[in-house]
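Nothing fancy with the numbering, it's 1 onward along the sequence. Just so you know, these numbers come straight off a predicted model, no measurement behind them.
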Amino acid sequence: MTLEFDDWDIEIYISSWISMKADICQEPGPRWSRGVLDNGPLDRVGSPTTLKYELRNDANNSVGLAGRYSPGHTNCLTGFTTGIPCRLWFEFEGRRFYKFYGLIEPNGISPTAGIYGERRTKVSVQNFMAQAASHEMNLTTKALNKRIDEAVPLIVANMIVQPLANQYNTGNDTFPTVFDALGVGSSASSEFGKLAMSEFGFIYDKGDETGGETLVVEGRDTRSNVSNTQLPLTVSESGILLLEDGGELLLEDAGSLVLSESQPASFDNTMLTESMRVSYGKHQANRIRGITAVRKVDAAATTTLYRLPSAIQLTAGTPLTVRGTYRDPNGGASYVNADTSTMTNDYAAFANSDGTGTDLTASLSVVATYGTSEVEFVLTPSANMWVTQLDAIGKGIYLYDPLSVIYEDTNAQNAGVFQITFDMAYQDDPRKTDAFANYTLGLEKTPNVTVDRCPIMANISGMHMYGFLMLEPGTRANFKEDQTGIDGDYFINGYEAEMFAGRYVIFSPVLRTASNSSFAIWDVSQWDNSSWGFPD
C-alpha cells in the first residue's frame, strides 16, 4: 500500500504566509533535521539544525520570471530576504503537522549564476536552537533557587528571537544559583547545556500541530513517565460504527461513521536496512569524571569587583558607554560573578588625567547596569573631563577549580581507557554528581548497541505515515530489526528527513534506549546511603 499526503508545502512569511510549493525542486527535495542528533550520555541539548530546499529561478517557474528568487534582481519577489520566517507542513486525513519552523539564516539564499544551466536558488532555514547557539547572553543576572524549567525561560527572555511555543516539564533539582557560571561571551545554548547536564535532563525543540516550533525542557525523570506513542489507524484501517442490527450508522452525506482507533507505535523489520546505522561500543566509557562547581560568596557587599584600569577622557555633552568584566581582587578564581542585587558604584572625575585640577565629579552622570559577569556604564559629562575612578562594588561570587569525582572499572579497561566527563555547573550537591558518575559507569563500561539512524519510508503504511508525522523528539516507540538484534522500546532523540519526487518522505530517527530512562530514585533523602557509600 502506498499512501499519499493530502497536501504539503513550504511557506515563507512576507506580511502573510506565501506558498513556495510550485517552485520547489524535487531533486534534491527538501531535507531537514530536528532534536538531539546523537544518543550518548552527554547528548542532552538539541542541535542547531536546518531546513534546506531549492527553488526554480528560471523563466519557467510559477510566475514566468527569471531571477524571481535572486535578491537584488529586478524580478525578485518583494521581501524575499534572509531573516524571514519559513515553515514546512504536511496534511494527512484532515490533520496538519508542522515539521519545521525557523528563519532563513544569514547567507541562507544562494542563487546560481549564469543565464544557462540549472538556474536555482538554494535556501537554508535555521531552527531556534541555532539562534540559541549564536545568541550571546547579555548582562544576565544571577538567579536564586531555580529548577531547570524555571531557569530556561530566563534564558529565552534574554534572547531576541523567541520560540513559538514551549513545553516546560518540571525539573527534579532546585539549584541554589544559576547563571553564576556564565562567562563573558557565553551563549544561550551553552547555558542550556549547563542546565541540562546539572539536571541530567534534556532541552530541545520539536514540531507540532500549531506552528512547528515547541521548545521542550525535560527533567531527568520526565521520560520515565512516557509510554509508547499511540498512532491513529488510517480511515481505511479503522472500523465502522454499526447499529445493533448490524447496519451502518450513516452521516448526513450518506458516509459511514468511522471509529477513532489507535495502535502503539511499532516498527517490526520495516525500516530501510541498507541505510540503517547501528553502532557497538560507540559511547563506551570505563572511566567517568563528574565535576561539581566550587563556589564562594562574599559575606558583605563591599568588594570592588570592577575598577577602571586607566583614566578616560570625555567631551562635554557626548555620552560614552563602557563595559567591564568582574575580577577577583585576591586572584585565584576561575570565574568571578556578582550578586547583582547588591551592586553599587563609585566614581570620580577631574580636569586632569592624574586626578589633579578641578574636581568635576558633580558634572558626571553615571548609569550602571549590572550583569552576572560584567557591568555596563553609561557616562554622560556636562563638562570636558577625565574620569579617573569608576568602580563596581558588591558581593562577589567566585568559582574556583572544580571538585571532581572519578569512577572507573579497571576490569573493563583491557582494551584501553575510555573516559567521559560531565560538568554539572549548577549542581551544588557533590553526592549527586557522585551518583551520576557511578550510574553512568554502570551503563557504559561495557559496549552497548546504539541505533544512530533508523530510516523509515513514511508512505508505505498507516503506521509509517503517522509515525513520520507524530514521532517528534521526546516520543517513544518500539523498533525491531532481526539482523542487528534490535528489539525494544526507544525514545526518538532526534531525526533527519528528506522528501523526494515531491511525494514521498524518508525519515531517520536517532534512537535512545528507553530501558535506562527511569534512572533511579534521585531524591537524596531516599537513598540507601550504605549501598552508595555516602555518610548518613
Are Pro163 and Val156 side-chain neighbours, meaning at least one heavy-atom pair lies under 4.5 Å?
yes
May I ask you to test the Val451-Ile486 pair for a side-chain heavy-atom distance under 4.5 Å?
yes
Could you state the interatomic distance from OG (Ser189) to CE (Met129), rounded to the nearest 0.5 Å?
5.0 Å
Of all heavy-atom pairs linking Val405 and Ala437, the shortest is CG2-CB, 4.2 Å
Answer yes or no: is there a donor N or O on one side and an acceptor on the other, between the side chain of Asp487 and the main chain of Lys480, under 3.5 Å?
no
Could you walk me through whether Asn493 and Asn39 pass side chain to side chain donor-acceptor pair (under 3.5 Å), step by step?
CA-CA 7 Å; Asn493 245 25; Asn39 46 21; over 6 Å; no
Do any N or O atoms from the side chain of Glu11 and from the backbone of Arg87 form a donor-acceptor pair under 3.5 angstrom?
no
Do Pro176 and Lys146 come within less than 4.5 Å of each other through their side chains, counting heavy atoms only?
no
Return the OG1 to CD distance between Thr273 and Gln483, rounded to the nearest 0.5 Å.
9.0 Å
Check for a donor-acceptor pair, side chain of Tyr326 on one end and backbone N or O of Gly371 on the other, with a separation under 3.5 Å.
yes
Would Asp173 and Lys432 pass as an ion pair if we require N to O under 4.0 Å?
yes
Are Tyr101 and Phe128 close enough that their ring centres sit under 6.0 Å apart?
no
Do Arg287 and Phe418 have side chains that get closer than 4.5 Å, going by heavy atoms?
no
Looking at Arg503 and Glu4, is there a salt bridge between them, counting it only when a charged N and a carboxylate O are closer than 4.0 Å?
yes
Regarding Asp9 and Lys21, does a basic nitrogen lie under 4.0 Å from an acidic carboxylate oxygen?
no
Any salt bridge between Arg44 and Glu199, counting N to O under 4.0 Å?
no
Under-4.0 Å salt bridge between Asp6 and Arg95
no
Before giving the answer on side chain to side chain donor-acceptor pair (under 3.5 Å), spell out for His283 and Thr450 the whole-Å C-alpha distance, their side-chain angles and the decisive distance to 0.1 Å.
CA-CA 9 Å; His283 302 296; Thr450 56; 4.9 Å; no
Interatomic distance, CG@Asn127 vs CZ@Arg34, rounded to 0.5 Å, equals 6.5 Å
When rounded to the nearest 0.5 angstrom, what distance separates CZ in Arg512 from CG in Asp452?
12.0 Å
Atom NZ of residue position Lys122 - does it have more than 12 heavy atoms of other residues, nucleotides or ligands inside 6.0 Å?
no
Please step through side-chain contact (heavy atoms from CB on, under 4.5 Å) for the pair Tyr280 and Val278, ending with a clear verdict.
CA-CA 7 Å; Tyr280 180 64; Val278 177; over 6 Å; no
Which atom pair, heavy atoms only, marks the closest approach of Ala130 to Pro48?
CA-CB, 3.6 Å
Can we say Arg476 and Asp489 salt-bridge, meaning some charged N sits less than 4.0 Å from an Asp/Glu carboxylate O?
yes
Does a salt bridge link Glu209 with Arg96, judged by any charged N lying under 4.0 Å from a carboxylate O?
no
Taking only residues two or more places apart in sequence or in another chain, which ones pass ring-ring contact (aromatic ring centres under 6.0 Å, His included) with Phe422?
Phe200
Would you please indicate yes or no on a ring centroid separation below 6.0 angstrom for Phe468 and Phe90?
yes
Under a 4.5 Å cut-off applied to non-hydrogen side-chain atoms, are Ser187 and Met137 in contact?
no
For Met276 and Arg453: C-alpha separation, side-chain torsions, deciding distance, then whether side-chain contact (heavy atoms from CB on, under 4.5 Å) applies.
CA-CA 6 Å; Met276 192 169 177; Arg453 295 295 185 275; over 6 Å; no
Quick check for you: to the nearest 0.5 Å, what is the distance between Thr214 atom OG1 and Asp205 atom CG?
8.5 Å
Which pair of heavy atoms, one from Val125 and one from Gly102, lies closest together, and at what distance?
CG1-C, 3.4 Å
Please answer whether the main-chain N or O of Gly211 pairs with a side-chain N or O of Asp208 as donor and acceptor at a distance below 3.5 Å.
yes
Do side-chain atoms of Glu218 reach the backbone of Arg223 as a donor and acceptor pair under 3.5 angstrom?
no
Might you point out which heavy atoms bring Arg31 and Gly29 nearest each other, and give the distance in Å?
NH1-O, 3.1 Å
Please test Asn228 against Asn478 for side-chain contact (heavy atoms from CB on, under 4.5 Å), starting from the C-alpha separation and ending with a verdict.
CA-CA 7 Å; Asn228 285 10; Asn478 184 269; 4.0 Å; yes
In sequence, state the C-alpha distance, the side-chain angles, and the governing distance for Tyr504 and Met457, and then conclude on side-chain contact (heavy atoms from CB on, under 4.5 Å).
CA-CA 8 Å; Tyr504 308 114; Met457 171 71 77; 4.2 Å; yes
Any side-chain heavy-atom pair from Lys99 and Trp32 closer than 4.5 angstrom?
yes
Does Ile492 reach the side chain of Glu472, with side-chain heavy atoms less than 4.5 Å apart?
no
Ignoring hydrogens, what is the shortest heavy-atom contact between Leu154 and Ala143? Give both atom names and the distance.
CD1-CB, 3.8 Å
Sub-6.0 Å ring centroid separation between Phe267 and Phe479:
yes
Hey, mind stepping through Gln263 and Gln230 against side chain to side chain donor-acceptor pair (under 3.5 Å) and telling me if it holds?
CA-CA 5 Å; Gln263 58 187 331; Gln230 293 291 314; over 6 Å; no
Quick one: side-chain hydrogen bond (donor to acceptor under 3.5 Å, both in side chains) partners of Ser198, sequence neighbours excluded?
none
Tell me if a side-chain donor or acceptor on Asn286 pairs with a main-chain N or O of Glu408 at a distance below 3.5 Å.
no
Test your reading of the model: is there a side-chain donor-acceptor pair from Thr229 to the backbone of Ala477, 3.5 Å cut-off?
no
Sorted by first residue and then second, give each side-chain hydrogen bond (donor to acceptor under 3.5 Å, both in side chains) pair with at least one member in residues 154-170; sequence neighbours left out.
His135-Asn158, Gln167-Lys206
Rounded to the nearest 0.5 Å, the CG atom of Leu441 sits from the CD1 atom of Ile406 at a distance of 11.5 Å
Which heavy atom in Pro153 sits nearest to a heavy atom in Ile148, and how many Å separate them?
CD-O, 4.5 Å
Does Glu191 reach the side chain of Tyr426, with side-chain heavy atoms less than 4.5 Å apart?
yes
Quick one: does Thr49's side chain have a donor or acceptor within less than 3.5 Å of a partner on Ser33's backbone?
yes
Side chain to side chain donor-acceptor pair (under 3.5 Å) between Glu213 and Tyr98, worked out:
CA-CA 8 Å; Glu213 182 183 72; Tyr98 294 90; over 6 Å; no
Answer yes or no: is there a donor N or O on one side and an acceptor on the other, between the side chain of Gln427 and the main chain of Met424, under 3.5 Å?
no
Would a distance-only check, ignoring hydrogens and angles, find a side-chain to backbone donor-acceptor pair under 3.5 Å from Glu481 to Thr484?
yes
